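The structure displayed is predicted, hence computed values, not measured ones.
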Amino acid sequence: MKNNEEKDPLYRQYQIFYGIFVTLYVILNFLGSPLLKWNYLIIVALTIIGVMKYKWQEVIINVFVLFFIEGQGRILLGYNQISKVLFDLVLAIAVLKSAITLKKVIPLKKIPNFFYILITFHFLWYTFQLFNPDAASTISVLGASKIYIFPFFLFFMFLNNPLSEKHLKQIQLSIFIIVLLQVTLSVYQMGLKEGFLIGITPHYANIMKDRFTEQNFRAFGTTYAPGGPGVYIAYFACMLFITNFKTLYVKISYTLITLWSIFGLYLLQVRSALLKFLALISLSIFSRLLVNKGQIKNFIISTVVISLISIAIINVFDFEKFFPDIDFTQASSRILVLQDMDALKSQRISFDKALNIIFQKLDQNPIGLGPGRTGGAVSLAKSVIMKDPVYGIKSTWTFDNLFISLAIDLGWGMIFYLLIITIFPLFLIYKCIYFYFNKQEADITPILLSALTTVVLLAGNWGVIGIPYNPESFSFWFWTSIGITQIYKIENKSEDHV
């Protein structure tokens, strides 16, 4: 099938025009220009136009670009309500466009029936929450559908618009470039500190306050939070390994970007992101070794060479001399805490305590307090919750734990959502093992990397309420769809042609 470059002469011009404004956006970031705000709005407008006019596969790179910069967009626009949902709006348009074009919403036969059953029960329980007497308000429940309902339609859209190997290679290259730019910009910001960002917009000062200034400063990159780039980079670490490296030049390039990313994550000081990145990179390399058994010798040689180079760089290279404007003291002290397991454990709620709290919440409110009582969704009805004489803001404290959050929001109905996000990664792992021993000719790499990423993301939610919210929601369901799509292709012995 011909692509739009051949059928629609405007498509190539559109992508060139888009590329010009993205390039300008990068340049303005390094210049610290207040013009970023208007450049961002142009990119949003162009992305919406592309999503409305072209196929999902043809504009997915554009959506990824917006995914990595929309956090900064929120700050540039003063964190107003519209800025918080612009990316969701783009995704909603994509979902609607797909449904109208393909004349279907649910991708039948793409996933086992028990997933559809669980999703159906989750939807029914959520509908029941509209009439929950303890809910903050009906509006808050409807608003929270953005985090509890919409992601499933996004997931269906991903499955209805499968990505070919060509598309995955394009995304891989795009992630390589984005990661390179994010880390470089973050290192650059670390040297110039908060004054540079406030010069772009005073709204940065509202986020940093006194907590993330001077020696405690952390770079924002093009995200919405101090140290944010580390989180985004960790989400798509496995994308660097989604296809084979065919030349030595490519292998060296990806090795260097990995080392550069580790340095950047070290400076960004988000320890959970650094651990996720290191875990995913290590597991990805090891997994590729298992899949490509004939490359063991090359793998050992490459590992030894890379290790020696890394050790030489760490011991010989004078980072402080090369980056004189960056204070490495705070970054080093935070990273050294990783050696103290007791200190790390004290920063997260224990399993026993979390379990006790969950059952306590379920005993107090079997049907839950209604979606929107915890996490970022609290803002939908914060004034109502603050004034609630029985279930005030203190009763909805989650210890930054997704599972406690679900118990408070959904009551016993949390079981459906919890099973969905838990069984999907386990299903991907099961299929990897099955294909590995029964269909040796099949390419299980996309399934393997999807399984690794979703498992790590799920485990990370013990210390954060992430999966329901972007950017983690988009990442989790995107990776799940990559694995499910590959499973479908293997089981049907033919690739979907797009």
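For Ser405 and Thr398, the side-chain atoms include no donor-acceptor pair closer than 3.5 Å. Side-chain atoms of Asn161 and Ser98 form a donor-acceptor pair, as typed in the model, at a separation below 3.5 Å. In summary, the side chains of Tyr235 and Glu472 do present a donor paired with an acceptor at a separation below 3.5 Å, with no hydrogens or angles considered. Using a 3.5 Å distance cut-off with no hydrogens or angles, the side chains of Asn470 and Glu70 do not pair a donor with an acceptor. Checked by atom type, the side-chain pair Ser350/Asp352 shows no donor-acceptor distance below 3.5 Å.
Of all the heavy atoms in Gln189 and Ala219, the pair that sits closest is OE1-CB, 3.5 Å. Across all non-hydrogen atoms, the minimal contact from Gln57 to Leu163 is CG-CD2, 3.9 Å. Nearest approach of Leu268 to Pro229, heavy atoms of both residues: CD1-CB, 3.9 Å. Minimum interatomic distance between Tyr18 and Leu66 (heavy atoms only, all atoms of both residues): OH-N, 4.5 Å. Annotation for Pro226 and Ile207: closest pair CD-CG2, 4.3 Å, computed over non-hydrogen atoms.
The closest side-chain heavy-atom distance from Ile357 to Lys353 is below 4.5 Å. A 4.5 Å side-chain heavy-atom check between Thr222 and Asn29 finds at least one atom pair inside the cut-off.
Aromatic ring centres of Phe123 and Phe153 lie closer together than 6.0 Å. Taking the ring centroids of Phe474 and Phe64, they lie under the 6.0 Å cut-off. Checked against a 6.0 Å centroid threshold, the rings of Phe427 and Phe115 count as neighbours. Ring centers of Phe416 and Tyr126: at least 6.0 Å apart, outside the cut-off.
Around atom OH of Tyr79, more than 12 heavy atoms belonging to other residues, nucleotides or ligands sit under 6.0 Å away. Few gaps surround OH on Tyr266; more than 12 heavy atoms of other groups in view lie less than 6.0 Å from it.
Ring pair Tyr40/Tyr25 is tilted by interplanar angle, where 30° to 60° counts as tilted. Using a 30° and 60° split on the angle between ring planes, Tyr116 and Phe156 fall in the tilted class, from 30° to 60°. Note: Phe403 and Trp462 have tilted aromatic rings, judged against thresholds of 30 and 60 degrees for the angle between ring planes. Ring pair His122/Tyr417 is tilted by interplanar angle, where 30° to 60° counts as tilted.
Of the candidates Phe478, Tyr54, Phe158, Ile60 forms a side-chain contact (heavy atoms from CB on, under 4.5 Å) with just one, namely Phe478. When each of Gln72, Met208, Glu194 is paired with Phe220, the side-chain contact (heavy atoms from CB on, under 4.5 Å) condition holds for Met208 and for no other.
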